[in-house]
Every structure is written in C-alpha cells, then in structure tokens.
Undergrad: 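Below is a structure I'd like to ask you about.
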There are 2 protein chains.
Amino acid sequence: MASLASHIEAYIKKLLSEASNEVIRLQRRELARRFGCVPSQINYVIRTRFTPERGYIVESQRGGGGYIRIIKVNLPLQESLSERLSYEIGEAIDRARARTLVSRLTSDGCFSTRERLLIEAALNALDDIIDELGDFPEYKYNILRAFMLKKLLGALLGGECEGNAMSEL
Amino acid sequence: MASLASHIEAYIKKLLSEASNEVIRLQRRELARRFGCVPSQINYVIRTRFTPERGYIVESQRGGGGYIRIIKVNLPLQESLSERLSYEIGEAIDRARARTLVSRLTSDGCFSTRERLLIEAALNALDDIIDELGDFPEYKYNILRAFMLKKLLGALLGGECEGNAMSEL
DNA sequence: ATAATGAAAGTCAAGAAAGGTCAAAGAGGT
DNA sequence: ACCTCTTTGACCTTTCTTGACTTTCATTAT
C-alpha cells in the first residue's frame, strides 16, 4: 500500500539522517508541492509520526518566511524496556506505585535526577488539575496518571506508548 | 527563506556580541538601507525581538543625529529567572506560545533536549487528558497548561512557582 | 531669542505570506 | 457493515512587509 503519508514520513526521515545535527527545517508548502498533496497532509504526517514519544520535537513559525523545524532527539534504544513498562503500568496506577516505579528507574540509571524531578512535577500537577476539573472518582485519577506516565516514560525510553488507557472513559 | 526580519535580528545580535560592552548604537535609516527595506521594518524587528522579556533595553532619539541604542542586560542582575517566567506565562498560555517559550529556554541552555522532550510530552498528554475529562472551553486548556508549565519549569529552575493560575476556576 | 527647516525616528493599518485546524469523504482491512 | 487510518478542502490565525502620516530634535536663519 505505502500510503502517501508514509512516503512523506520516509522522505523527512531521510532528510533528518542526512542532516549532520539531526535538525531540519522545511516549508510546508514546498513539501506539499513536492508530493502533490494539500498542505494539511504535512500536518497529518507530523502529528502522527513525529511525536515526542518517538523522539521528535517539532517547532514551527507562521507568516512570511514561515517554517517547520523537526529535531530528532537521540535516545539510547530501549524499546523493549518501554514495552515492559507499559505492561507494568497497565491501565491504571496509583500515586504510590508510580512514585516507586519512577524511583526504581532513576536508580537503574534510565534517567537523571532532574528528569525525575520533571516527571514527579508533572504527576503532581496532573492530580491538581483533575481536582480542579471536577469531582472524579479515585480510579479516574489512576487511569489518567497511567496515561501520563506512559507518555512521559515513552518520551525518554523511545516507546510507542500504544496504551489507549483512556479509551473506555 | 528566513524572513528579512530574522536576518536583521541576526545582524543586530552579531553587532551586540562584537561590542565589548554589549551596547550598540544604530541608525535606523542606515540599517534599513543596508537591508534594502523600509525604515519601519527596523521598528518591527526591535519591537518583536529586542524586548525586555528577552533581556534587552532599547533607547532612541529622534531628530537630526538620531539613533537607536540597544543594550543587552545580563539577567542575573534582575529578578530571578523563575519569577520572570511565571510572569511571562501568566494565568493562561496557548499551546503555540508554550512551545515557543520552551524552545527559547532550551536554546538558552536552561535545560537539555531530553528534558524538553519530557516537557513537550507532558503538555501533549495534558491536552489529551482534558479532552477526555469533558467538553471544556479553550480558555480552560490555556489556564491548566499555564499551571502545568509553571510547575514543570519551576521543578527544573528551582523557582517557587506561585502559580495561582487556577484560583479562579 | 525665536521661528523655520530638514533630518531623523515613531505609529498604524492594510495586505501578503506563511502555517494550523477541523470535519467530511475515501480506502483498506476484519 | 464497521472501524481505523488517510486524504482533501474550506476557513482561521499568526507573522512579516510596506507605505502614508506623525512627532521630535538639532541647526540655521531671522
């Protein structure tokens, strides 16, 4: 099949690998013209393929001289680890288990103390935010925390994070 | 293409870095002539790129012998970084502004690319989570994002993060 | 002194040039 | 049939560029 989207994806990845520093700058219009598609197709490809969970950061600027910049962050490949983690986290996780897990991963050297600080801050803030948004039962906190945690760990460990933990909400 | 505005910005920054004392004096007309543009373009560049938030002070004088003086202020002299950030983020921040801010802080060396990846992943996940929790208006996303962002940056920059962003929810 | 002149710099709004969003339609697989 | 992933197009927002008009200041002429 090889959809247009995957051709564009491949093209962008080739550009990235050719760029010495793993950073490229493209123009949405130009790229769309090259592939003979509408510009918004480019947004689709970027939204679905160049996510933080896959190790990419994307910046863009509108207006005259606008651009899209894609940065590849090189991670020590630990796909299998992140899959195991995804399984270990499961659909839901309470705050204490999350803390223990993050602590363990830190001492295993999966990430730095600063990175751990970030993760903890995100999890705490998430709890506060759910508080503000309404009166939800405990299990929802656990489900949403699992979702967030998978995304965060996925970003650092290169996992795909398929965990559609929230699908049944 | 890299807009004219960013070329002018780069040129001014180069001048600044060459000036021993981080102060330069330009003439608007001269600069406009050098770049083959209309003089008010210079005002645009200064207004958008050499702001106090970014650590610049600009003085000018009209009339014959007029000039524009740009001073690069070294931040430690001013309020603490996290206070300024708290102010800059404000009560609410949209996704694009958040991205730009995080990008700028990364290039300023406030945190690593991996840390940035984590922050981006957290912000993306937050949006998904709010989506799941109900049908909220745009401004709530912006308020909650501001809260999360302050917490994340505060964690890394050691700020107090007053963030009473959610007080009026 | 004062008024006139001319040489700066400032403001503002219109128009152009990007990129972004969203929802509907299409394609492929179970 | 149904579900997920793609593709498209209409419409939106942001950023940049330009030009007409305004304000300020130093200098020169009265």
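Throughout, protein chains are lettered first and strands after them, A, B, ... in sequence-line order, and every chain is numbered starting at 1. Values reported hereafter were calculated over all heavy atoms of this structure, with side chains retained and with hydrogens, waters and symmetry mates removed.
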Undergrad: C:dG10 C1' sits how many Å from B:Gln27 CD, rounded?
TA: 15 Å

Undergrad: At the 4.0 Å heavy-atom cut-off to chain A, mark where contacts on DNA chain D begin and end, going 5' to 3'.
TA: D:dC5 to D:dC16

Undergrad: Is the backbone of B:Ile143 close enough, under 3.5 Å, to the side chain of B:Glu91 for a donor and an acceptor to pair up by distance?
TA: no

Undergrad: Can you give me every donor-acceptor pair (side chain of residues 93-102 of chain A, partner residue at least two apart or in another chain, under 3.5 Å) with its distance?
TA:
unit_1	atom_1	unit_2	atom_2	d
A:Asp94	OD1	A:Ala96	N	3.2
A:Asp94	OD1	A:Arg97	N	2.7
A:Arg95	NE	A:Asn124	OD1	3.3
A:Arg95	NH2	A:Glu120	OE1	2.8
A:Arg95	NH2	A:Asn124	OD1	2.8
A:Thr100	OG1	A:Ala96	O	2.9

Undergrad: Under 4.0 angstrom, heavy atoms only, what part of the nucleic acid is B:Arg29 near: base, sugar-phosphate, or nothing?
TA: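 B:Arg29: backbone/sugar contact only, no base atoms under 4.0 Å.
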
Undergrad: Using whole Å, what does the distance between atom P of nucleotide C:dA8 and atom CZ of B:Arg25 come to?
TA: 11 Å

Undergrad: Using side-chain hydrogen bond (donor to acceptor under 3.5 Å, both in side chains) as the criterion, list what pairs up with B:Ser103, not counting sequence neighbours.
TA: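 B:Ser103: side-chain hydrogen bond (donor to acceptor under 3.5 Å, both in side chains) contacts with A:Glu59.
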
Undergrad: Of the residues in residues 34-46 of chain A, which ones touch DNA chain C at a heavy-atom distance under 4.0 Å?
TA: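 Those residues whose heavy atoms fall under 4.0 Å from DNA chain C, taken from residues 34-46 of chain A in numerical order, are A:Ser40, A:Asn43.
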
Undergrad: Of B:Arg28 and A:Glu30, whose closest DNA chain C nucleotide lies nearer the 5' terminus?
TA: B:Arg28

Undergrad: Mind checking A:Gly64 for me? I need base, sugar-phosphate or nothing, with any heavy atom below 4.0 Å counting as a touch.
TA: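 Base, at least one base atom sits under 4.0 Å.
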
Undergrad: Return the minimal non-hydrogen interatomic distance between A:Thr106 and A:Ser112, and the atom names on each side.
TA: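 Distance-wise, the nearest heavy atoms are CG2-O, 4.2 Å.
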
Undergrad: So which heavy atom on B:Glu22 is nearest to which on B:Leu16, and how close?
TA: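 Smallest heavy-atom distance, with atoms named: O-CD2, 3.6 Å.
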
Undergrad: Would you find a donor on one side and an acceptor on the other, under 3.5 Å apart, between the side chain of A:Lys150 and the backbone of A:Gly90?
TA: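 Between the backbone of A:Gly90 and the side chain of A:Lys150 there is a qualifying donor-acceptor contact (under 3.5 Å).
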
Undergrad: Pick the nucleotide of DNA chain D nearest each of B:Arg49 and B:Gly63; which residue has the one closer to the 5' end?
TA: B:Arg49

Undergrad: Would a 4.5 Å heavy-atom cut-off, applied to side chains only, mark A:Ile119 and A:Leu153 as touching?
TA: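 A:Ile119 vs A:Leu153: side chains touch.
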
Undergrad: NA contact type, B:Arg47, heavy-atom cut-off 4.0 Å: base, sugar-phosphate, or nothing?
TA: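 Nothing, no heavy atom under 4.0 Å.
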
Undergrad: In whole angstrom, give the distance that lies between atom CZ of B:Phe50 and atom P of C:dA9.
TA: 16 Å

Undergrad: Using a 3.5 Å distance criterion without hydrogens, assess whether the side chain of B:Ser40 forms a donor-acceptor pair with backbone atoms of B:Asn43.
TA: no

Undergrad: Hey, could you give me the NZ/CD1 distance between A:Lys14 and A:Ile24, rounded to the nearest 0.5 Å?
TA: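 Reported value, rounded in 0.5 Å steps: 11.0 Å.
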
Undergrad: How many whole angstroms separate atom CD of A:Glu59 from atom P of C:dG20?
TA: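 It works out to 12 Å between those atoms.
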
Undergrad: Within a strict 4.5 Å, meaning less than it, do heavy atoms of the B:Arg54 and B:Thr51 side chains meet?
TA: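 Side-chain contact under 4.5 Å: yes.
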
Undergrad: Base, sugar-phosphate or nothing for B:Arg95? Non-hydrogen atoms, less than 4.0 Å.
TA: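 Counting heavy atoms under 4.0 Å across all strands, no contact is made by B:Arg95.
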
Undergrad: Look only at the side chain of A:Gln27 and the backbone of A:Gly66, and say whether a donor-acceptor pair between them is shorter than 3.5 Å.
TA: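 Between the backbone of A:Gly66 and the side chain of A:Gln27 there is a qualifying donor-acceptor contact (under 3.5 Å).
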
Undergrad: I want to confirm an ordering. Mapping B:Arg62 and B:Asp94 to their closest nucleotides on DNA chain D, which one lands closer to the 5' end?
TA: B:Asp94

Undergrad: Taking C-beta and beyond as the side chain, do B:Leu144 and B:Phe136 meet within less than 4.5 Å on heavy atoms?
TA: no

Undergrad: Mind calculating the distance between CZ (B:Arg69) and C1' (C:dG10) to the nearest angstrom?
TA: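 Rounded to the whole Å, the gap is 18 Å.
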
Undergrad: Could you state the CD-C1' distance from B:Glu138 to C:dT21, rounded to the nearest angstrom?
TA: 11 Å

Undergrad: Among residues 96-107 of chain B, which residues get a heavy atom nearer than 4.0 Å to DNA chain C?
TA: none

Undergrad: So which protein nitrogen or oxygen atoms get under 3.5 Å of nucleotides 24-27 of chain C's nitrogens or oxygens?
TA:
none

Undergrad: Quick one: CD on B:Glu88 to CD on B:Glu53, what's the gap to the nearest 0.5 Å?
TA: 5.5 Å

Undergrad: Taking A:Thr48 for its side chain and A:Tyr44 for its backbone only, find out whether a donor-acceptor pair lies under 3.5 Å.
TA: yes

